[in-house]
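Values below: all heavy atoms of this structure, side chains included; hydrogens, waters and symmetry mates excluded. Convention: sequence-line order gives letters A, B, ...; per-chain numbering from 1.
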Protein chains: 2
Amino acid sequence: MGREAEARRNDRRVLDAAREVFATQGFDAPVSAVAARAGVGMGSLYRRYGAKADLLRHLCQLAMEQAVEAAEEGLANADAWAGLAGYVRTCVAFGSGALAPLAGTIETTPEMWRTSRRSRRLLGRLVGRARRAGVLRPGVTALDVAWLVEQFGHRPPHSMTAEDENVRGRLVTIALDGLRSSPAPRLPGRPPSAEHYERRWAWHVG
Amino acid sequence: MGREAEARRNDRRVLDAAREVFATQGFDAPVSAVAARAGVGMGSLYRRYGAKADLLRHLCQLAMEQAVEAAEEGLANADAWAGLAGYVRTCVAFGSGALAPLAGTIETTPEMWRTSRRSRRLLGRLVGRARRAGVLRPGVTALDVAWLVEQFGHRPPHSMTAEDENVRGRLVTIALDGLRSSPAPRLPGRPPSAEHYERRWAWHVG
DNA sequence: TTCAAGCGGAGCGAATCGCTCCGATAGACT
DNA sequence: AGTCTATCGGAGCGATTCGCTCCGCTTGAA
């Protein structure tokens, strides 16, 4: 195997190892654990990613691209409900919300913001279509769905504002009504705000 | 204020501060942060709790007692569904599942095991009553409800076994059906096992 | 056979954390 | 009022951990 091929194989291994190590040990797991898991030396890892934050950013970017892909697949489904349900299942399955604890701990690149917004725009279309088809519970917004996805693969949030409580109250109602064998009433509280959803990712220096 | 009263006040302050600090910063937050938040010196904190693990164990114990109380309140409600729903809402509200990441990181005392089992027995009665009343979705077990509560106040799990996937698949279905304005089908997968539920808390030395 | 590009991992410096120890403080008792 | 002493607060110690660098070694190419 040539050096070039080995480099590509190493990059793949590092990415897989990073996903697994950070998912199981949390994001403050040592970089050496990632390198060991990948069967790669620290030197190779740090030549590819100049710092731990770079690796984490790349992981975020890949996860968001995966979410975009899931949304496009959902929209490709002719059945509006099956498309939305498939999106949620897919995102939860690959742990889309698992990177949420990183919010505010790493600097976000413009590319990350672009991908995030693209993902949310696609989800908006998915939800809007379901609403127009009449298969969606009244009052449910795209951000409700985004929060729901994120909640399923989440450690306790780093800050619990009144808006967070509002969001959680909605999710609890959803889960409760899913549990109950009866028709579903309208959701309580206010719809989540996009500003609140984004603000968590603002980087706090120092 | 007498020394005795000050000691009691300090104990309360430490507990409140610990809950807040660990909830917002995670369980590896420094003990000094708890002391600072409580407005108490390290000496006072460490005289009451000989080690950080002692403080965490006490926090677990209190949370489980709160869950027991919530279950008893639920059973006191004549309406079987309202009782169960109230239990879930209460547990999620005070972050009953927030201590789950501690599983396996601290030694569990016999008293903790007793309270845990008492809590689950009460939840079993709550769920059984709802089932007999016909207000509960078919196939839902007490542990389904326990997992659901825990999932809503959770960072990404430390280990993702096949059984974890099974559990998560159930929760996703519940949440999805809560989202959907249609009657709810039977839950997929197998019911969660009590052994799996408990095993996470086995202490791994070293 | 020689060269150098790329690899692995030992180890450094810094930062952090759990916990101890002791001077300061303020009720309790005479 | 004066003394005693139980309790308080927090500076600092020792140990651990982690991000990252640096260098000797491997291995494919010329």
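Summarising the geometry, the separation between CD on B:Q25 and C1' on C:dT16 is reported as 13 Å, rounded to the nearest angstrom. Rounded to an integer number of Å, the gap from CG of B:L45 to C1' of D:dT7 is 14 Å. Distance, B:F22 CZ to C:dC17 P: 11 Å, rounded to whole Å. Separating the CZ atom of A:R13 from the P atom of C:dC7 is a distance of 12 Å, rounded to the nearest angstrom. The CZ atom of B:R9 sits 11 Å away from the P atom of C:dG27 (whole-angstrom rounding). Atoms CG (B:N10) and P (C:dA26) sit 14 Å apart, rounded to a whole Å.
Using a 4.0 Å cut-off between charged side-chain N and carboxylate O, B:R19 and B:D16 make a salt bridge.
Within a 6.0 Å radius of CZ in A:R125, other residues, nucleotides and ligands contribute 12 heavy atoms or fewer.
Considering only side-chain N and O atoms, A:S44 lies under 4.0 angstrom from the phosphate OP1 or OP2 of C:dG8.
Counting only distance, with no hydrogens or angles, the side chain of B:T115 and the backbone of B:E111 share a donor-acceptor pair below 3.5 Å.
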Generate the contact string for nucleotides 15-22 of chain D. Rules: B means base contact, S means sugar-phosphate contact only, - means no protein heavy atom under 4.0 Å. ---SSBBB
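Separation of atoms CG (A:L45) and CE (A:M42) is listed at 7.5 Å; rounding is to 0.5 Å.
Every side chain to side chain contact (heavy atoms under 4.5 Å, CB included) that B:R47 has, sequence neighbours left out, goes to B:S44.
The two residues A:A82 and A:N77 come nearest to each other via the heavy atoms CB-ND2, 3.6 Å.
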